[in-house]
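Letters A, B, ... mirror the listed sequences (proteins, then strands); counts begin at 1.
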Amino acid sequence: MISLFFSALIYASLALCVLLSYRVAKVVNLSFGSIFTAGGYLSLFSLFITPIFGAWIGLLLHIGSKRMDASKATIFSLGIAIAIEEALRILFRVENILLDSRIFYFFGYKLVFEHFLASMISATFLILFLAFELKKPFSRLKLKVIEEDLENAELYGIDVEKAKAIVLVISSAFFCSIGGLYLSGRVISPTIGWLYMIFSLFIATIANVFREKAYILILPISFGVCWLI
Amino acid sequence: MLEVVEVSKMFGRNVVLKNVTFSLKNGILGIYGANGSGKTTLLKIISGFEKPSCGRVFFNGREITNKAPQEIVKLGVAMAFQIPRVFWNLTVHENVLLAARETDYTAEICKELNLEDVLFKKAKEISQGKVKLLQLAMCFALKPKLALLDEPFASLDAENVEVVLEFLKKRGSEISMIITAHRTKILKTIASQMLEIRGGKIVGGS
Amino acid sequence: MLVNIAIRILVLVLLILPAFLDCYTKLLAASALTLAIFTVSWLYLEKDLGWASLGHSIPFGVSAYLFAINPLFLFFSPLTTFLLFPLSIFGKHTFPFASFVFSVFLWYLAHHIVFEGKGGEEGFRAPSINLDLIYLISVTILILSCLLIWKISNSYFGLKVKAVRDDEIAAKAIGINPLPFKVFGFAISCSLASIAGILHAAIFGHVSPGVFSPYFSLFPFVAATIGQGKIWSSILGSYTVVFLSWFLSPYVPEFHYAIYAVALILASYTQSYARSGRSV
C-alpha cells in the first residue's frame with residue numbers, strides 16, 4: 001500500500017506535467033518518455049545534471065515548435081523523442097544497463113531510497129502547484145485564459161510565449177529528474193520511457209475530462225488508476 | 001408541404017426557440033429577425049442538423065423531426081448554410097457535381113450563378129463571395145422540393161446579390177424556399193410570405 | 001515531369017531487378033517491398049480520407065501475429081479495421097497520437113502474448129514460403145494495390161470519399177452518409193496493411209513484439225514524408241529507409257531511428273495533418 005501511494009504520487013506529478021504541456025503549451029509532449037529514459041542514463045554520472053538536461057530539452061522543444069499548431073508541435077516532440085532515444089543508443093552501446101539503488105526501511109516497509117526521494121519531490125511539486133492554483137488569483141486567471149484561447153490571451157497582454165516556455169522547461173526538467181530517481185534499481189534500455197509516458201498520459205486524459213477541477217483531482221485519479229492496475 | 005409544430009430549442013438554460021409553429025404550402029417564406037433571434041437554429045432543426053428540445057417537424061405529411069440530415073436531403077429538403085460548408089480541397093465543378101450527380105445540370109447551375117470563371121479552381125482558392133455562390137449552387141443542384149437558405153445575401157457584392165435574386169426568382173416557381181435575413185428590404189422583393197422572429201418566438205407575419 | 005518519369009522507372013527497376021539477384025538482395029528487396037505496400041496503405045488513409053495514422057502497425061502487426069499463430073487466421077485480418085477505426089472518435093487532430101499511443105501499448109502487450117507455450121518476447125514462428133514465390137506475390141500485390149487505389153480515387157465513389165474527408169457536415173448536407181465511406185476507407189487501408197504484415201511474417205518466417213514498435217508504426221509516415229506524399233516517390237522512400245537502415249545499422253545502431261527523427265522534425269515544419277477544409 002505504501003509503495004502504491006508513493007507510485008501514485010509520482011505518476012500524478014508526471015501526469016500534471018503532461019496536462020500542463022497540453023493545456024498551456026498546446027502540445028502533447030511525446031518526448032517526455034525519452035526525457036524520462038535520459039534521466040535514468042544520466043543518473044549513471046550524476047543526478048544533478050538531470051534537471052539541467054531536461055530543462056535544455058524543454059527549451060529546445062519550445063524554440064523549435066514556436067508558432068506551430070498543436071498537431072505539428074506534437075509531431076516535432078515525437079521527432080525529439082526518437083532523436084534522444086537514438087542518441088542514447090549510440091552513446092551507450094550496451095542495450096540494457098542495471099542502475100544501482102539503495103534500500104531503506106520506511107516504517108518497516110522495504111523501499112528503494114531513490115523511489116522514496118522521487119515521491120517526496122513529486123509531493124512537493126504537487127503541493128506547490130496546488131498552492132499556486134488556489135492562492136494566486138491573478139496568475140491562476142492568466143493560466144485559465146491561456147488554456148481557453150491563446151490568441152485572445154496575447155491580445156490582452158499576456159506573455160503567452162513566456163508561459164509556454166516556463167511550462168515546457170519545468171515539466172521536462174521534472175520528468176528528467178524523476179526518471180533519474182525512479183529508474184534506480186531497474187534494468188533500463190532506450191525504449192523504457194514509453195510505458196511511463198503512456199501511463200502518465202492516460203491519467204492526464206482522465207483528469208482532463210474534469211476540466212477546471214483536473215488539477216485538484218489528479219492525485220486521487222492517479223491513486224485510483226495505480227490501484228486498479 | 002412543411003409544418004413546424006410547437007418547436008422549442010434550449011442550449012443549456014438558454015432558450016433559443018419557444019413554441020415556434022408555422023406552415024408553408026408553397027412559395028417563398030422570408031424569416032427576418034435580429035442576431036440571436038433563432039433563425040439559423042430553426043433552419044438547422046428543419047434540416048436535421050439540430051434536434052429540437054420539443055416539438056415536431058413534418059414534410060409532405062411525414063415526420064422528419066429525428067431523422068438524420070442525409071435522410072432529410074433524400075426527402076427533398078436542402079440547406080445552404082450562413083457560413084458556407086463546402087469541400088475545400090475539391091474544385092468548384094467537383095463540389096457541384098457531387099450534389100447534382102450529372103455533368104449537364106452541373107454546368108447549367110454554375111452558369112446561372114456566375115461560377116464559370118472559377119469552375120476548375122479549388123474551393124479554398126476562390127473568394128468568399130464565390131464560395132457563397134458555390135454553396136447556393138450545391139443546394140439547388142440537389143433539386144430539392146424545399147430549399148432552406150440561411151442569409152444567402154450576406155458577404156455578397158451588389159452584382160452578385162442581383163445574380164442570386166434573379167436565380168431565386170426563377171427557381172421560386174418550382175421550388176419552395178425559406179430564406180432568412182436580418183433586414184426585410186431584399187426579402188420583400190422575392191418572398192410571398194414573411195415572418196418576424198424575435199427572442200425565439202414568431203411575433204409577426206404577412 | 002521528367003523527375004516523375006525517372007522516379008517511376010527507378011521503382012520499376014527496383015521491383016524487377018532483385019528477382020534476378022542473389023538471395024540476400026532478394027530478401028532485402030522483399031522486405032522493402034512489403035513495407036512499400038504498407039506505405040501505400042497508409043497513404044490512401046492519409047491522402048484520400050484525411051486520417052494520418054501514427055499507429056499503422058496495429059493492422060500490420062495483428063495480422064502478422066494471427067498468420068503466425070494459425071495461417072487460416074489470415075482471413076480474419078480485414079477485421080483489424082475495427083481496431084484502428086474506433087480511434088477516429090478522437091477526431092482528426094488527435095487520431096495520429098491516439099493511434100501511436102495504442103500501438104505502443106500493443107507493443108508492450110505483445111510481450112505477454114503466449115499461445116501453446118510459445119510467444120512472449122521471442123514471438124512466434126510463421127510459415128515460411130519460398131522467397132522467389134513471395135517476392136512475385138509481393139510485386140503483384142504492390143502493383144494491384146496501386147491500381148486499386150488509383151481506380152477508387154478517380155471514381156465518383158472516390159470523389160464522395162474525398163468530400164467526406166473535407167467536411168462531414170457538408171457531405172451530410174448533400175445527402176452523403178459519412179460513416180460507410182469512412183469505414184470503407186479504413187477497411188481498404190487496414191486490409192492492405194494486413195496483407196503487408198502477413199507477407200512480412202512469411203518472408204522472415206518469424207514475428208515478434210517488435211512488429212508493433214515505433215519502427216513499424218512510424219515507417220509509412222517517414223517514407224511518405226521522404227516521398228512528399230506522392231505514391232511513387234513514397235515507394236522509393238520506403239526502399240530508401242530500408243536500404244539505408246540495413247547498410248548503416250552495423251555502424252550506427254538502428255540507424256533508421258536517426259532517419260525517423262530527422263523526417264519527423266522536418267515534417268512538423270512542412271506538412272499538414274488532419275487534412276480537411278479550411279476553418280472559417
Chain A contact via C:F100 - side chain, backbone, both or neither, heavy atoms under 4.5 Å
side chain
Can you establish whether the number of heavy atoms outside C:Y24 located under 6.0 Å from its atom OH is more than 12?
yes
Is the number of heavy atoms from other residues, nucleotides or ligands within 6.0 Å of OH (A:Y22) greater than 12?
no
With only heavy atoms counted, which part of C:F95 is less than 4.5 Å from chain A, the side chain, the backbone, both or neither?
neither
Taking atom CD of C:E121 as the centre, does the number of heavy atoms from other residues, nucleotides or ligands within less than 6.0 Å exceed 12?
no
For the CH2 atom on A:W56, are there more than 12 heavy atoms of other groups (residues, nucleotides or ligands in this structure) within a distance under 6.0 Å?
no
Side chain to side chain, C:Y269 and A:K72, heavy atoms closer than 4.5 Å
no
Between A:I82 and C:Y257 the two heavy atoms that sit nearest each other are CG2-O, 3.2 Å
Report, in residue-number order, which members of residues 192-207 of chain A are under 4.5 Å from chain C by heavy-atom distance.
A:I192, A:W194, A:L195, A:I198, A:L201
More than 12 heavy atoms of other groups within 6.0 Å of A:F116 CZ:
yes
Heavy-atom side-chain proximity of A:V28 to C:T94 below 4.5 angstrom
no
Is atom CZ of C:R125 surrounded by more than 12 heavy atoms (other residues, nucleotides or ligands) closer than 6.0 Å?
no
Of all heavy-atom pairs between C:A258 and A:E86, which one has the smallest distance, and what is that distance?
N-CG, 3.9 Å
Chain C heavy atoms under 4.5 Å from A:I84: which part of the residue, side chain, backbone, both or neither?
neither
Minimum heavy-atom separation for A:G79 and C:A261, please, with both atom names.
O-CB, 3.6 Å
Given A:F76 and C:L264, is the side-chain contact (heavy atoms from CB on, under 4.5 Å) satisfied, shown in steps?
CA-CA 6 Å; A:F76 182 79; C:L264 284 164; over 6 Å; no
Counting only heavy atoms not in C:F90, do more than 12 fall under 6.0 Å of its CZ?
no
A:F223 atom CZ, neighbour heavy-atom count above 12 within 6.0 Å:
yes
May I have all residue pairs that pass salt bridge (Lys or Arg N to Asp or Glu O under 4.0 Å) and include part of residues 12-38 of chain A, sequence neighbours excluded?
A:R23-A:E147
With rounding to the nearest 0.5 angstrom, report the CG to CD1 distance, A:L78 to C:I265.
9.5 Å
